Amino acid sequence: MNDARQHDDANERGSAQNHGAAVGLTADKITIRGGIPLVGRIEVKGAKNLVTKAMVAALLGETPSVLKDVPNISDVRIVRGLLEVHGVKVTEGAEPGDLILDPVDVESAHFAAIDAHAGSSRIPILFCGPLLHRLGEAFIPDLGGCRIGDRPIDFHLEVLRKFGAVVEKQPNGIRMSAPNGLKGAKLELPYPSVGATEQVLLTAVRADGITELKGAAIEPEIMDLINILQKMGAIITVDTDRVIRIEGVDRLMGYNHRALFDRNEAASWAAAALATDGDIFVGGARQPEMITFLNVFRKVGGAFDICDDGIRFYHPGGDLKPVIIETDVHPGFMTDWQQPLVIALTKAHGTSIVHETVYEQRFGFVDALVEMGATIQIHKECLGGHPCRFGQRNFNHSAVITGPTKLHGADIVVPDLRGGFSHLIAALSAEGTSTVSNVGIISRGYENFIGKLRLLGADFDLEG
Ligand code: EPZ
């Protein structure tokens, strides 16, 4: 193993532990004795992929904002740190999970301070619009985030330039300014990127004039961000066919908002219930944002009950059935759902296909599953559905899963957030004992997952 790889591994271990430590998880490794069905009730809070953007939106207000149902996850800690180095006061509110974000004293931050906080997140890129409006300048360090593809920011830089921002690439990041202010623009995204759509929303709401965005992302998290911006005083119209119109306004005020629930966490626990022959009630989960997931869950052979305060997910018995899944932008099957659900597909009677069309390298988690006894082959072709952007481009983006196979215990290392949760499920459903390392990464998006595993009757020890 070459020095660079050892260096990367050491870095990853370091950042995994930092993620864990940020939310009180000191352990780096978990030893799981598998084969026990997970049974019980857990609660999910606000969505990581909305809460982190809602915190950035508070920068646009002239008065404090209150965000409710904020999960204690390390991605929230990272954004909080970035807001504080820019002079935002962040305090806990009256209720657990309430955050008060006071942007009155926003100020420029030294790039080193920003860099220290940015490390492993993609969120800093979304600070651009609000900081350009508030300060006339912004600095973005090199971005992090899960290694599930190249993850360029070309769409972000393109739209910011169209608003009138001056973008200067520098050795340690990107510096931006808006000498003539920011003006509304006619924009079209080549792909409905969630991040680039959020970039346009957070910039256009206070830009001079009207912005029309074609090819926009319409994920539930985008809609909830639009709810928040409208509460602040913005004028935003969502048309059919992915067109969003924003009329810039001069002033925005703080919001008071309860965050949309985390449908990615809910889907992950549902996948855990199915793969462990379990029965989990996910408090806070709602049907409208999970319709596509629920359809596939039922097709595989899972069962669910929709209740006022959540959704019960369980294995009703009988053999699981193979399916063909093609990930896509909303309302398609979400890319963040495929990794956790693959474990149940290893137990299905027949051949399943997962065609990953959102990220070009999201099967890094599969090697460990094959080591545990799964039969999974990765292909460069677009299998099981429609040709996608990655076809003919040499990316391993389709998986063929042949079941049923019995997983057995092994020593595995968490590669990224959703891959990490998938590895937990694999160890929980396997015969024998597994050790899962780098578990701190899972703290980036799953609040108190250790406590929830205890609640659901899992048998494990923490180490490190
Ligand atoms: C958000 O990432 C989520 N992250 C991701 O969840 C989620 O998988 C993704 O949206 C898709 O739903 C957060 O919200 C923090 P994109 P984002 O811009 O905004 C390409 C998780 O596990 N692209 O919609 O980064 C890009 O490379 C994470 O919670 C460009 O080419 O996703 C990708 O192939 C993982 N140029 C595709 O678009 C750009 O400038 C979708 O990316 C921007 C994106």
Side-chain angles (χ1 to χ4, degrees), residues 19 44 46-57 71 73-76 78-79 82 118 120-128 140 143-162 167 174 187-202 215-225 242 259-260 262-268 289 292-293 327-340 356-362 364-365 388-390 393 395 397 414-422 441-447:
H19 280 297
V44 293
K48 166 180 85 74
N49 294 345
L50 176 268
V51 163
T52 46
K53 313 342 170 21
M55 292 171 71
V56 176
I73 54 176
S74 60
D75 271 23
V76 164
I78 290 169
V79 179
L82 283 164
S120 55
S121 171
R122 302 185 60 70
I123 304 294
I125 188 78
L126 295 177
F127 277 63
C128 300
I140 309 301
L143 300 175
C146 288
R147 292 198 183 158
I148 51 181
D150 188 17
R151 307 192 78 177
I153 54 169
D154 50 336
F155 304 166
H156 294 257
L157 300 182
E158 181 64 17
V159 295
L160 285 162
R161 286 192 185 99
K162 290 217 170 119
V167 178
I174 299 171
L187 306 165
E188 178 152 10
L189 293 177
Y191 181 84
S193 150
V194 168
T197 301
E198 292 161 340
Q199 185 73 260
V200 171
L201 288 168
L202 291 167
I218 52 169
E219 271 64 8
E221 293 77 17
I222 295 276
M223 292 306 146
D224 208 35
L225 181 61
R242 296 182 180 283
L260 171 75
D262 197 319
R263 62 196 177 117
N264 292 346
E265 184 183 356
S268 300
E289 291 82 6
T292 306
F293 177 82
T327 67
D328 203 351
V329 295
H330 188 81
F333 190 90
M334 237 229 142
T335 172
D336 305 331
W337 297 339
Q338 59 101 333
Q339 293 160 292
E356 173 56 61
T357 77
V358 179
Y359 289 107
E360 66 271 27
Q361 281 152 2
R362 200 160 202 179
F365 73 110
C388 79
R389 297 170 300 150
F390 306 137
R393 288 177 56 202
F395 291 121
H397 71 296
V414 166
D416 56 65
L417 174 61
R418 308 297 168 189
F421 200 88
S422 173
I441 292 182
I442 303 171
S443 311
R444 287 195 42 221
Y446 295 90
E447 180 183 57

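Residues take their numbers from the sequence shown, with the count starting at 1. For clarity, every value in this text was computed on a predicted model and none was experimentally measured. Counting starts at 1 for both ligands and their atoms, in listed order.
Taking all heavy atoms of Trp337, Phe155, Tyr191 into account, the minimum distance to atom 41 (C) of ligand 1 is reached by Tyr191. When Pro152, Ala217, Ala196 are ranked by how near their heavy atoms come to atom 43 (C) of ligand 1, first place goes to Pro152.
Heavy-atom distances between Arg389 and ligand 1 reach below 4.0 Å in at least one pair. Within the structure, ligand 1 lacks His330 among the residues with a heavy atom less than 4.0 angstrom away.
Remark: side-chain polar atoms of Ser422 are not paired, donor with acceptor, to backbone N or O of Arg418 under 3.5 angstrom. A distance-only check finds a donor-acceptor pair linking the side chain of Thr197 to the backbone of Ala217 [under 3.5 Å]. Panel note: side chain Lys53, backbone Asn49; a donor-acceptor pair is recorded below 3.5 Å.
For Val194, heavy-atom contacts with ligand 1 shorter than 4.0 Å involve the backbone as well as the side chain. At a heavy-atom cutoff of 4.0 Å, ligand 1 is contacted by no atom of Arg444, backbone or side chain. Proximity of Glu198 to ligand 1, defined as any heavy-atom pair under 4.0 Å, is not found for any part of the residue. Of all the heavy atoms of Glu221, none lies under 4.0 Å from any atom of ligand 1, so neither backbone nor side chain is involved. When heavy-atom distances to ligand 1 are checked against a 4.0 Å cut-off, Arg418 comes that close only through its side chain, counted from C-beta outward. Here Asp75 has no heavy atoms under 4.0 Å from ligand 1, in either its backbone or its side chain. Only the side chain of Asp336 comes within 4.0 Å of ligand 1, counting heavy atoms alone; its backbone N, CA, C and O stay farther away.
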Apply the test ring-ring contact (aromatic ring centres under 6.0 Å, His included) to residues Tyr446 and Phe421: give CA-CA distance (whole Å), side-chain angles for both, the deciding distance (0.1 Å), then the verdict. CA-CA 9 Å; Tyr446 295 90; Phe421 200 88; 4.3 Å; yes
Worked check of side chain to side chain contact (heavy atoms under 4.5 Å, CB included) between Ile153 and Arg122: CA-CA 10 Å; Ile153 54 169; Arg122 302 185 60 70; 3.6 Å; yes
Applying salt bridge (charged side-chain N to carboxylate O under 4.0 Å, His left out) to Arg362 and Asp336, what does each step give before you reach the verdict? CA-CA 9 Å; Arg362 200 160 202 179; Asp336 305 331; 2.6 Å; yes
Could you walk me through whether Arg389 and Thr357 pass the side-chain hydrogen bond (donor to acceptor under 3.5 Å, both in side chains) check? CA-CA 7 Å; Arg389 297 170 300 150; Thr357 77; over 6 Å; no
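Residue-ligand proximity, Thr335 to ligand 1, at heavy-atom distances under 4.0 Å covers atoms 8 (O). Close approach of ligand 1 to Met334 (heavy-atom distance below 4.0 Å) involves ligand atoms 12 (O). For ligand 1, the atoms sitting less than 4.0 Å from at least one non-hydrogen atom of Ile148 are 35 (C), numbered in the order shown with element in parentheses. Applying the 4.0 Å criterion to heavy atoms of Ile153 picks out, from ligand 1, the atoms 40 (O). Near Val358, with a cut-off below 4.0 Å to any heavy atom, the atoms of ligand 1 are 33 (C), 34 (O), 37 (C), 41 (C). Within ligand 1, counting atoms from 1 as listed, the ones closer than 4.0 Å to a heavy atom of His156 are 40 (O). Close approach to Arg362 involves these atoms of ligand 1, each under 4.0 Å from a residue heavy atom: 8 (O), 22 (O), 35 (C).
Protein heavy atom closest to atom 5 (C) of ligand 1, with residue, atom name and distance, is Tyr359 OH, 3.7 Å. Looking only at heavy atoms of the protein, atom 14 (O) of ligand 1 is closest to Lys53 NZ, 2.7 Å.
Inspection of the His397 and Glu356 side chains reveals no N or O donor paired with an N or O acceptor under 3.5 Å.
The closest side-chain heavy-atom distance from Val76 to Lys48 is not below 4.5 Å.
At least one N/O-N/O distance between Gly195 and ligand 1 falls below 3.5 Å. Considering backbone and side-chain atoms alike, Asn264 places every N or O at 3.5 Å or more from each N or O of ligand 1. Remark: ligand 1 and Thr52 share no N or O pair separated by less than 3.5 Å (distance only, no angle test).
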